Amino acid sequence: TYSGGLGVLAGDTLKAAADLGLPMAGVTLIHRKGYFTQRLNPSGEQTESPTEWLPSTHFDEMPDRVRVRVNGEDVVVRCWRYTIKGYHGDELPIYFLDTDLPENSMFGRSLTDSLYGGDGRYRLAQEVILGIGGVAMLRSLGYANLRAFHMNEGHSALLTVALLEEQVGGRGIASAGPADREAVRERCVFTTHTPVPAGHDQFPLDLAREIIGIERVNAICAFDGCVANVLNMTYLALAFSRYVNGVAMRHGQVSRGMFPNYPIASITNGVHVPTWTSPPFQQLFDEFIPRWRGDVQNLRYAVSIPLEDIRRAHAACKATLIEAVHARTGKRFDANVMTIGYARRAATYKRADLIFQDPERLRALADKVGPIQLVYAGKAHPRDAEGKAMIRRVFDAAENLRDAVQVVYLENYDMEIASFLIAGVDLWLNTPQKPQEASGTSGMKAAINGVPSLSVLDGWWVEGHVEGVTGWS
């Protein structure tokens with residue numbers, strides 16, 4: 001489910017839930033072709049290819065099969081189970097929905113291939129599989145008495161339609177009334193992650209009727225899920241949720257402005273600390289805070305760790321980064337040079353190239369204060385021409401500044417690259433256009449490893465920033 005932070009965040013949430021022993025299960029699509037494998041040529045031109053992998057090498061196939069009506073045809077869905085083992089031995093299952101079965105049409109088989117693949121028809125059909133198919137699969141697996149359904153963004157909002165159909169039973173969804181809606185609302189909670197209107201999934205009603213069915217769409221519209229003659233997945237989730245939250249204090253404020261008729265709280269995103277703590281810092285925490293893995297709140301005692309020990313751990317992380325950069329690019333960074341890291345989706349609002357807006361100033365800074373090294377990573381969406389152009393601008397800037405500032409761009413950004421990057425740089429850079437950063441979590445991962453941030457005051461940094469202490473704004 002990886003694309004930027006949302007899929008990784010969902011994984012971190014479930015890992016933390018397993019550590020806490022919470023009775024939860026996760027449901028997602030399997031994405032047999034992944035997001036994509038990124039390749040960058042010397043000019044920064046991005047090309048994409050599928051990421052092929054075999055679910056059977058990672059997951060256990062479940063025997064259950066359910067049928068979901070999509071685009072006028074019945075699509076058979078199976079699932080694969082992956083079990084997260086928590087720190088105290090508790091287990092939490094994740095179910096990956098898969099339509100690649102011989103009894104399905106070519107269109108049906110493709111629905112769980114690609115993350116963000118295809119057109120609006122493909123996308124909406126995927127969301128039917130996730131939302132309606134996800135509920136059907138949970139019931140087939142024996143989850144009969146679930147107390148709450150959490151919609152992580154609007155992609156899964158059609159689960160409310162499945163629950164509404166369960167609620168009305170044989171009466172048919174056309175008979176659903178306010179009491180039925182309220183019964184569904186009591187079981188649903190919704191997290192919105194997107195602070196700009198363009199980021200919310202919307203589909204023309206004619207297309208929605210084809211994919212989902214006329215009666216279902218009529219019911220959705222009757223309960224405020226349609227706005228301006230389109231099916232809006234965010235409004236559908238809002239209309240059927242008893243609790244809604246944004247993902248940072250500032251983002252909660254922005255979301256209330258976007259959706260003034262709904263009470264929207266805020267719960268700031270977090271990260272799964274054991275996952276993102278580098279080996280040198282794990283050893284350090286094991287020595288000075290032995291119980292940190294069982295309760296990460298104990299890391300508040302990190303203030304007692306001697307600074308020299310922190311410096312040694314950071315030096316080890318930086319050495320790992322330097323070796324990784326050399327192995328991947330052939331370029332050799334200097335361990336004694338100030339190293340700045342920037343890695344996230346190559347979306348235009350994140351402004352990866354902002355630091356290069358005044359190249360002469362950057363050149364003068366390197367000359368006056370000392371040498372600087374910059375390491376970048378991040379994928380642009382395959383259909384985001386502006387995001388791809390931004391990557392090329394970073395490459396152009398690197399070429400123009402090569403005599404003063406060494407810049408490398410690591411291709412095919414993933415969790416492996418993130419793990420050595422956030423821990424090995426000396427400063428983590430974040431330059432989004434306010435107020436478009438809903439939360440951001442990469443700076444949290446850097447902080448766990450003793451790396452301060454230089455960031456625009458947006459998203460989580462509004463809360464995490466203490467000028468000159470945790471970093472700079």
Side-chain angles (χ1 to χ4, degrees), residues 4-5 8-9 12 193 195 247-251 266 268-273 275-278 280-281 284-285 296 299-300 302-303 305 307 310-311 313-315 317-318 320-321 333 337-347 349-357 362 365 369-370 372-378 394 405 407-410 413 415 417-473:
V8 175
L9 173 69
D12 276 14
H193 294 259
V247 292
M249 182 176 66
R250 173 70 58 82
H251 179 238
S266 61
T268 303
N269 282 341
V271 300
H272 184 247
V273 174
T275 294
W276 296 105
T277 304
S278 62
F281 274 87
L284 199 61
F285 296 156
V296 296
L299 287 178
R300 64 187 182 274
V303 294
I305 300 175
L307 185 56
I310 293 174
R311 285 180 176 143
H314 176 66
C317 293
K318 193 170 185 179
T320 299
L321 169 65
F333 270 19
V337 170
M338 172 73 168
T339 304
I340 301 173
Y342 180 104
R344 49 191 50 84
R345 284 187 302 122
Y349 81 87
K350 291 182 179 289
R351 303 189 297 183
D353 57 341
L354 185 65
I355 194 173
F356 302 119
Q357 291 302 299
L362 189 59
L365 188 66
V369 178
I372 300 170
Q373 300 167 153
L374 282 159
V375 55
Y376 275 84
V394 172
V405 178
V407 182
V408 298
Y409 202 114
L410 304 179
Y413 184 46
M415 287 180 66
I417 292 175
S419 65
F420 64 71
L421 194 52
I422 51 100
V425 297
D426 300 310
L427 179 70
W428 193 250
L429 181 66
N430 189 29
T431 50
Q433 178 70 54
K434 293 170 65 174
Q436 297 185 42
E437 183 83 313
S439 173
T441 56
S442 60
M444 301 179 192
K445 297 163 188 171
I448 292 166
N449 294 282
V451 175
S453 286
L454 171 61
S455 176
V456 170
L457 276 173
D458 200 15
W460 84 280
W461 190 236
V462 174
E463 303 156 62
H465 159 261
V466 179
E467 186 69 19
V469 178
T470 59
W472 302 268
S473 63

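Remember, predicted model here, so these are calculated numbers, not experimental data.
The side-chain heavy atoms of Tyr349 and Glu437, taken from C-beta on, include a pair separated by under 4.5 Å. Residues Val375 and Leu410 form a side-chain contact, since some pair of their non-hydrogen atoms from C-beta on lies under 4.5 Å apart. Contact check for Val425 versus Ile340: no side-chain heavy atoms found under the 4.5 Å cut-off. At least one side-chain heavy atom of Tyr376 sits less than 4.5 Å from a side-chain heavy atom of Val407. Under the 4.5 Å side-chain criterion, counting only non-hydrogen atoms from C-beta, Thr339 is in contact with Lys318. Taking the side chain as every heavy atom from C-beta outward, Phe333 and Leu321 never approach each other to under 4.5 Å. Residues Phe420 and Cys317 form no side-chain contact, since every pair of their non-hydrogen atoms from C-beta on lies 4.5 Å or further apart. Counting heavy atoms from C-beta outward, Val408 and Leu374 have side chains that stay 4.5 Å or more apart.
With hydrogens and angles disregarded, no donor-acceptor distance shorter than 3.5 Å links the side chain of Asp12 to the backbone of Val271. Side chain of Asp458 to backbone of Gln436: a donor-acceptor contact under 3.5 angstrom is found.
Distance check: Leu454 CG to Ile355 CD1 gives 8.0 Å after rounding to the nearest 0.5 Å. The structure places NE2 of His272 at 13.5 Å from OG1 of Thr441, a figure rounded to the nearest 0.5 Å. Rounding to the nearest 0.5 Å gives a distance of 9.0 Å between OG of Ser453 and CH2 of Trp472. Note: Leu9 CG to Asn269 CG = 4.5 Å, rounded to the nearest 0.5 Å.
Here the shortest heavy-atom pairing between Ile422 and Lys445 reads CD1-O, 3.5 Å. Contact between Ala423 and His314 at its shortest, heavy atoms only, is O-ND1, 3.6 Å. Taking all atoms of both residues into account, the shortest heavy-atom contact from Ala248 to Ser266 is O-CB, 3.3 Å. Closest approach of Val466 to Thr470, counting heavy atoms only: N-OG1, 2.7 Å. In terms of heavy-atom proximity, Tyr409 sits nearest to Ala346 at OH-CB, 4.4 Å. Between Ile417 and Ala377 the shortest heavy-atom distance is CG2-CB, 4.4 Å.
With respect to the salt-bridge test (charged N to carboxylate O, under 4.0 angstrom), the residues Arg250 and Glu463 do not qualify.
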Met338 and Gln373: side-chain contact (heavy atoms from CB on, under 4.5 Å), yes or no, with the steps? CA-CA 6 Å; Met338 172 73 168; Gln373 300 167 153; over 6 Å; no

Please evaluate residues Val405 and Leu362 with respect to the criterion side-chain contact (heavy atoms from CB on, under 4.5 Å), reporting the C-alpha separation (whole Å), side-chain torsions for both, the decisive distance (0.1 Å), and the verdict. CA-CA 8 Å; Val405 178; Leu362 189 59; 4.3 Å; yes

Please evaluate residues Ser473 and Glu467 with respect to the criterion side-chain contact (heavy atoms from CB on, under 4.5 Å), reporting the C-alpha separation (whole Å), side-chain torsions for both, the decisive distance (0.1 Å), and the verdict. CA-CA 7 Å; Ser473 63; Glu467 186 69 19; 3.1 Å; yes

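Side-chain contact check for Asn449 and Ser278: at least one donor-acceptor pair (N or O, by modelled atom type) lies under 3.5 Å. For Trp276 and Ser419, the side-chain atoms include no donor-acceptor pair closer than 3.5 Å.
Evaluation of the ring-ring contact (aromatic ring centres under 6.0 Å, His included) rule for His465 yields Trp461 as partners, not counting sequence neighbours.
A cation-pi contact links Arg344 to Tyr342, judged by a cut-off of 6.0 Å to the six-membered ring centre and 45° from its axis.
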